[in-house]
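Numbered from 1 within each chain, the chains take letters A, B, ... in sequence-line order.
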Amino acid sequence: MVASRAIGSLGRSHAFRIFRCRGCICRNFTASSALLTRTHINYGVKGDVAVVRFNSPNSKVNTLNKEVQSEFLDVMNEIWANDQIRSAVLISSKPGCFVAGADINMLASCTTPQEATRLSQNGQRMFEKLEKSTKPVVAAISGSCLGGGLELAISCQYRIAIKDRKTVLGVPEVLLGLLPGAGGTQRLPKMVGVPAAFDMMLTGRNIRADRAKKMGLIDQLVDPLGPGIKPPEERTIEYLEEVAITFAKGLADKKISLKRNKGLMEKLTSYAMTIPFVRQQIYKTVEEKVRKQTKGLYPAPLKIIDVVKTGLEQGDDSGYLAESQKFGELAMTRESKALMGLYHGQVLCKKNNFGVPQKNVKHLAVLGAGLMGAGIAQVSVDKGLTTLLKDTTVAGLSRGQQQVFKGLNDKVKKKALTSFERDSIFSNLIGQLDYQGFEKADMVIEAVFEDLSIKHKVLKEVEAVIPEHCIFASNTSALPINQIAAVSKRPEKVIGMHYFSPVDKMQLLEIITTEKTSKDTTASAVAVGLKQGKVIIVVKDGPGFYTTRCLAPMMSEVMRILQEGVNPKKLDTLTTGFGFPVGAATLADEVGVDVAQHVSEDLGKAFGDRFGGGTVELLKQMVSKGFLGRKSGKGFYIYQEGSKNKSLNSDMDSILASLKLPAKPEVSSDEDIQYRVVTRFVNEAVLCLQEGILATPAEGDIGAVFGLGFPPCLGGPFRFVDLFGAQKVVDRLRKYEAVYGKQFTPCQLLLDHANNSSKKFYQ
Amino acid sequence: MTSILTYTFKNLSATSKWALRSSVRHLSCSSQLQAAPAAQTKSKKTLAKPNLRNIVVVDGVRIPFLLSGTSYKDLMPHDLARAALSGLLHRTNVPKDVVDYIIFGTVIQEVKTSNVAREAALGAGFSDKTPAHTVTMACISSNQAMTTAVGLIASGQCDVVVAGGVELMSDVPIRHSRQMRKMMLDLNKAKTLGQRLSLLSKFRLNFLSPELPAVAEFSTSETMGHSADRLAAAFAVSRLEQDEYALRSHNLAKKAQEEGLLSDVVPFKVPGKDTVSKDNGIRPSSLEQMAKLKPAFIKPHGTVTAANSSFLTDGASAMLIMAEDKALAMGYKPKAYLRDFIYVSQDPKDQLLLGPTYATPKVLEKAGLTMSDIDAFEFHEAFSGQILANFKAMDSDWFAQNYMGRKTKVGSPPLEKFNMWGGSLSLGHPFGATGCRLVMAAANRLRKDGGQYALVAACAAGGQGHAMIVETYPK
């Protein structure tokens, strides 16, 4: 492979410049001998342009690990030393990935802030050399260019990117509780302006190439190519390289100016930024916004603002120093460890550990065009699955179809889809009231009303019409799958697929297997879920499975707290203050009070007193008054179409008053209220692992964070126990147990961890 | 001219032994052409099919194709179509009442004359008893008109059909915005002054921004030139190759014009202006001049420029198609048979302009011919890059296997038989009228050079394509 590539470049340069032929050959030979010693990076010379290619072996992505960094420096030093080379192009040989960022494992192995700071400084030095290169360097970007990858690109003199959906640029470090530590915080504000740079660094959002061009993040766009003399992806990269080479030559010959034409708005903003007062105002507003949103739970965003400020106010040297120091500090924080743990967990839950299913699901059928059913249909049709959406009434069906259409159309408005793509995706959806076409279905997902007898009825109806191989999946949040499967003729094909609402936004899919579910059925369900873009946890069957089971005791505690007289707004503030993205009372409204009532009744029966706390009566009365939450416009709050501000539902006062419980002052401080809610959740999660409902703590953390909104800064219940200390959690539980009894009794596994401090869920 | 030689030479040296052999075969083939009647070397003597009527082109004409905004700019589309029809009547002397049906192709419709075929036929003095309809299929609209005629005759519904096409790019329908249109329509319905005023109060200034006819592909929002540039890049067609090909087209067109070979052109006395008798877009330049142009679509690194693309053109064409028996009974000496044809379609994004690549092998197989049986190729030249990309695609086993579901490539047409009298790049390309020009050029070239079969092919917006075999009528 390597040899052939060397020959390829040889042949080409031969054709280009005959008079330089001899030099070419020698140079290529020396280059190729160097190639053999490098594993991640190689380079060839075309004319007087060096083409540096990133291609880490046995990996889908290129990351900037230590080896890559040292090889890169080597290569660049050779290029800078070679008089015949006048410019360089950096490109990846992997379609879909330029450089996806720094290597996270490299950070994880750091034990002190100083070590992490050194990593940052190494990166800074490398990119500084690149920035000061006397020979122009062009970054040719195809695919993800993230974190360290983007910092590499913005250190180059020129950037060219492929204009496709795969090519995204961004600095997602903040999502890992870090900051861009290789010069990003210093270069980005200069490149795209302070407001845009803050936006990028504080949200970590991915920016598509065309947008990046408008922002001034890249200089030139190249359109992706279709099939030609080679497969599209291969030829597109080759074309990108050809274009980049012409630009590199142009830059070396000073035919292309590095100056960008700024628009009027841009000129105005950059002028405004020269006024110290304006800068201070910007820092202030951004900081306020960040404080409001993070509630002080995430240290990274504030540090980012700080570092940017230092660079702008005190000059580059201080800026780079601050960047590396703060980077080191952040890398050692609990929050960063929790977020990185989540990242790893997410990668893990994006894999199918059950093998390749025998039959690829191509035709999907969804029963019930309600919020869930239509949501499932939406995430299926846009992945190319032909989907039958069946409901019992025309009105229900058209509501569901409209939901799917609206979901797609919103993407058109955001320019994530073209109207043509929307139409052709929408044609994958077939709405119907009967079972026509079910004989071709490979999988049926039912999302009918949560009632065992209805589930039994549809299961029997469906089994009468579907083919032998077809899988029956039930989207239920609490009904045990084995009870649903009890009436099935082929329980090995029955599985639970618990989606979360709204399906197109929530990333989690909880797959539930019974004793009888076959491995192939599970493999197939996971494959479908992955296709739908979900993060998947696979759990064992049982009342409430994992997610609902953890949520129920927590909600029960929430009800008790409300009954004890805590105002719903205050409760929301307390829970969001702990890191929950949605307040506990609001969560009940979002889930639906009727659903919450169902669940708490069902699970109350299954688990008895342990799930007690608040009384179900509260939910019952709310349902009877029609306070179903957001869907009915009233719950704990009053919801109005188009208005974001919600006010408390004053009619709730009488209900709450009638069910009032005496508050226990010894466990009713703000902190206690927070911990009462969280520890019940955590205790139940650990119990799920103890009982084997969960296979791994990682799945437990992913499920809790992505499905239930467990505070991401805590990394999930298991990470929380590890970082907070099992003993401290047990202490808390014991304190509340003394007041409320066995609802707070810590489970055995948690006690084991408390008794042996070397025991960790994550080693 | 030398540049073209170097181009072919480069191609030869670049391709494999196979190409060498084939070119040798072409050479021997053409030498045989001169020595002996061509028909003997063919794999098939004629493409007549048992139990199917032979369909012939009696003759065809076109008014000169002019750059948009020149002499035709004040006319309407049906005026051009009328001129072509009158020219056809004059050329063939066909009695008007013999014509059973008239079909015209057009792309950008003038709203006032949406069935331009009927308006033109009435104005050209055809019998008002002769029905007419208009078809549209982007750049292969008049091909569709011709093949519709073939279908009507083959099925015995008609004996004599006039097919043609027209395009007037000097004027295009520019509409009010949708909001403005909606308001105007609602105003029509409003009954009281109050209703009217409340409607008018919703007026916003941006309602006045006009809506231009789309130049972009509806499904992909990409302009054709942009797609052509990407196509050229996908097949690694260089700017120089494209400029060389465009120059060849202009040079050949110039030569054909000077030698009087473009006999399908009929003069047109433009009302209020002089008589137009020549295409006015043929402008041979030099490679140096062409190299100076900036890319027109993908800036700054694209390769498609104004000089290597076909230009906006006004024009119309018409042709008289008959059942062979009918033509002979009427004492005509037809020019050619219309034989097998095919329509293809593919991905409108990345393969928008590859119609000829897909259509060529299919139509050859249908007719039982091979590439070497073809004596004249007439392909629609939308862009130099498009033609050269099609050549490369046709010459690629990899492409044939991975995208066309074929075992081997069909091979690219030999340049010495290809568009020898110029093409759309130089003669112009009035969208709706080009198909008939291609067929008449093919028929006339076969008659002039003594060949038997010609292959006509074209690409069209929407990712569609067409190919047809034209067989010369025995002398």
Side-chain angles (χ1 to χ4, degrees), chain A residues 8 11-12 14-16 89 138 140 158 160-165 210 213 218-251 255-257 260-261 412 415 417-427, chain B residues 10 13-15 214 216-223 225-239 295 297-304 346-354 357-358 385-386 388-404 409 462-463:
Chain A
R12 219 165 288 165
H14 201 78
F16 270 115
V89 169
V138 177
Y158 206 79
I160 302 176
I162 295 280
K163 185 184 166 190
D164 62 4
R165 293 210 176 110
D210 45 353
K213 168 81 163 57
I218 56 170
D219 301 287
Q220 205 53 246
L221 288 172
V222 169
D223 288 279
L225 301 181
I229 44 174
K230 283 176 187 168
E233 285 187 333
E234 205 178 305
R235 175 65 193 145
T236 299
I237 286 206
E238 207 177 85
Y239 177 54
L240 174 65
E241 185 181 309
E242 288 165 14
V243 173
I245 288 175
T246 61
F247 277 99
K249 280 190 177 145
L251 286 166
K255 277 183 192 154
I256 296 169
S257 143
R260 207 165 62 84
N261 289 329
V412 175
K415 296 199 173 150
L417 281 183
T418 66
S419 58
F420 175 76
E421 283 166 323
R422 173 200 65 204
D423 295 347
S424 84
I425 288 171
F426 196 61
S427 73
Chain B
K10 261 201 287 185
S13 60
T15 40
E217 197 71 11
F218 182 74
S219 58
T220 61
S221 313
E222 186 182 25
T223 60
H226 197 278
S227 190
D229 205 319
R230 288 195 305 115
L231 186 73
F235 284 95
V237 180
S238 72
R239 165 81 181 264
F297 301 98
I298 295 185
K299 294 161 189 170
H301 54 272
T303 52
V304 173
Q346 62 284 333
D347 170 21
K349 172 122 191 93
D350 291 330
Q351 304 187 33
L352 182 69
L353 304 172
L354 284 182
T357 299
Y358 283 86
Q386 165 257 334
L388 296 173
N390 271 285
F391 284 178
K392 294 204 181 185
M394 292 163 90
D395 208 25
S396 161
D397 278 327
W398 182 85
F399 191 83
Q401 285 154 7
N402 289 284
Y403 285 90
M404 297 168 66
K409 63 186 180 185

### Query
Does any heavy atom of chain B fall under 4.5 Å from the side chain of A:Pro231, the backbone, both, or neither of them?
both
### Task
Let me know if A:Glu421 has heavy atoms under 4.5 Å from chain B in its side chain, its backbone, both or neither.
neither
### Query
Which value, rounded to the nearest 0.5 Å, describes the distance between B:Lys349 atom NZ and A:Phe420 atom CZ?
11.0 Å
## Note on the structure
The reported gap from CG in A:Leu221 to CD1 in B:Ile298 (rounded to nearest 0.5 angstrom) is 10.5 Å
## Note on the structure
From the list B:Ala236, B:Ala393, B:Ala389, the residue making the most non-hydrogen contacts under 4.5 Å with chain A is B:Ala236
### Query
Which residues pass the side chain to side chain contact (heavy atoms under 4.5 Å, CB included) test with B:Ala233, sequence neighbours left out?
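For B:Ala233 the side chain to side chain contact (heavy atoms under 4.5 Å, CB included) partners, ignoring immediate neighbours, are A:Leu225, A:Tyr239.
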Which heavy atom in [X] sits nearest to a heavy atom in [Y], and how many Å separate them?
X: A:Gly226; Y: B:Ala234; result: O-CB, 3.6 Å
X: B:Tyr403; Y: A:Pro232; result: OH-CD, 3.3 Å
X: B:His301; Y: A:Phe247; result: ND1-CE1, 4.0 Å

### Interface moiety of B:Ser221 toward chain A, non-hydrogen atoms closer than 4.5 Å
neither
### Residue of the set B:Asp347, B:Asp350, B:Leu231 for which side chain to side chain contact (heavy atoms under 4.5 Å, CB included) holds with A:Pro227
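Output: one option passes, namely B:Asp350.
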